[in-house]
Number of protein chains: 2
Amino acid sequence: MRPREFDHDEVLRIAFDQFWRKGVRGASLSDIARASGVQRGSLYNAFGSKEALFLQAYERYAGDYLLALQKTLATGSLRKRLTSFFDLTITNFRSGSPPRGCPTTRGLMELGAVEGEGLDEDAREAFANLISRIAALVQDALEAGAARGEFSGDPAAAALHIITVTRGLAVLERAFDEEPQLRKIAAHTIDLVLGKGGR
Amino acid sequence: MRPREFDHDEVLRIAFDQFWRKGVRGASLSDIARASGVQRGSLYNAFGSKEALFLQAYERYAGDYLLALQKTLATGSLRKRLTSFFDLTITNFRSGSPPRGCPTTRGLMELGAVEGEGLDEDAREAFANLISRIAALVQDALEAGAARGEFSGDPAAAALHIITVTRGLAVLERAFDEEPQLRKIAAHTIDLVLGKGGR
DNA sequence: GTGTTTTCTAGACATCGTGTCAAAAACCAG
DNA sequence: CTGGTTTTTGACACGATGTCTAGAAAACAC
């Protein structure tokens, strides 16, 4: 068996970068082949199809992202944790120039556009998975924080609310491209959930 | 001058339906030509380009949507108004089978995928415009409601928060496809903004 | 070494997408 | 009826996806 000549992980990173810059549909396999130095045929051979390549690249990204998030959410007061959560989120989808937006949100809205079918199960699950795990991390933070100071009595609902706001921010960011505005909404949300003076 | 053989508005409606079903990139001009009975060439002649056609179709839709929303937000207690606002929003982007999602959100995340440029000014403005006007209507409702019962002291911020949540719901809907969940988040948001027992 | 197996390269191909253009057709003004 | 103008129509160029083929190249078993 001849071994791969390219670094599987490296190609996934490069492919994801292309998808992120140009959108799933906007990035062509020729673009990715050019950017990675791997022939188009080899990409099909190794990953199966464009959508499969995207999903694998996305899952690699999701793993990285969750790790970073976990670190961010690990310490400090509840308010501090939520603040850095919003910070990380906003910084992430405003990275690049022009800002590349939130990959999860973009992927979700872009995929599954074939007449009659929604997005296929694998794709939907990949996106839903990352969102759920982020929500779980936030919920953990809320519970850890609630140990010293209650805030609402329903951490699951609160976490879901916060996640919903971050997805909304990802959308507003593309419409208005005004970072201070986004941070204001984030701060407002934290106040709303914790109470204006809360911890 | 030879007159048009097709109904301009009708074609915009049909085109928008295609874009909504399949996404801006997913709907081809051939699809739209087939669905409307107008030749591809004529579409280019009348609307300029695919993106221009989408924007015109989108703006027609936005006008309709704002009218419906205005009616919905006109009467009842503040809580009732917000409830029907969320109802209308969720119903709208869960219409169709499978649900077609929120056209604004989908368009925003899908467009502007060319390397180096974000979405172009016209498009961004069209989306931002509808969102802003919806936010303004919600703010009006909040102020009208606040006349008999305060709720937060910053109606603009509250309206923006609510809009952010609706955009977030549009994203979550595609990831989870569970309407009851969405309605719970909506209800939670109203409680958060108005206070649990508020009007 | 010799073969086997797997991968990479390089290209052709069918099909579908966008966008442009020139010629034909339909209307209207005079 | 005639000329002018706009729409319609069909052909074209070009690039994307996805499949497939044939051969060269690299590791491994024996």
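These numbers come from the heavy atoms of this one structure, side chains and all, not from hydrogens, waters or symmetry mates. So that the names make sense, note that chain A is the first sequence line, chain B the second, and so on, each numbered from 1.
The aromatic rings of A:F47 and A:F6 are tilted relative to each other, their planes meeting at an angle between 30° and 60°. Between B:F16 and B:F54, the ring-plane angle classifies as parallel under the 30° and 60° cut-offs. Ring geometry for B:H161 versus A:H188: interplanar angle of 30 to 60°, hence tilted.
Nucleic acid contact for B:R4: sugar-phosphate only, since backbone atoms but no base atoms lie under 4.0 Å from a heavy atom of the residue. Within the nucleic acid shown, A:S30 comes within 4.0 Å of sugar-phosphate atoms alone, with no base atom in reach, counting heavy atoms only.
A:E110 and A:R25 are not joined by a salt bridge, as no carboxylate oxygen comes within less than 4.0 angstrom of a charged side-chain nitrogen. Between A:R21 and A:D17 there is a salt bridge, since at least one side-chain N of the basic residue sits less than 4.0 Å from a carboxylate O of the acidic one.
Nearest-nucleotide positions on DNA chain C for B:K50 and B:G41 put B:K50 closer to the 5' end. Where A:Y44 and B:A46 each meet DNA chain D at their nearest nucleotide, the meeting point lying more 5' is that of B:A46. Each of B:E5 and B:G48 was matched to the nucleotide of DNA chain C holding its nearest heavy atom; the match closer to the 5' end belongs to B:G48.
The end-to-end axis angle of the helix from C:dG1-D:dC30 to C:dG30-D:dC1, rounded to 10 degrees and based on five pairs per end, is 0°.
The 12-atom threshold is exceeded at CZ of B:R60, counting heavy atoms of other residues, nucleotides or ligands nearer than 6.0 Å.
Regarding contacts with the backbone of D:dT8, a side-chain N or O of B:S42 is found under 4.0 angstrom from either OP1 or OP2. The phosphate of C:dG17 has OP1 or OP2 within less than 4.0 Å of a side-chain N or O from B:S28.
Ranking D:dT9, D:dT19, C:dG19 by closeness to the A:R40 side chain, first place goes to D:dT19. Of the candidate nucleotides C:dG19, C:dC8, D:dT8, C:dC8 has the atom nearest to the side chain of A:F6.
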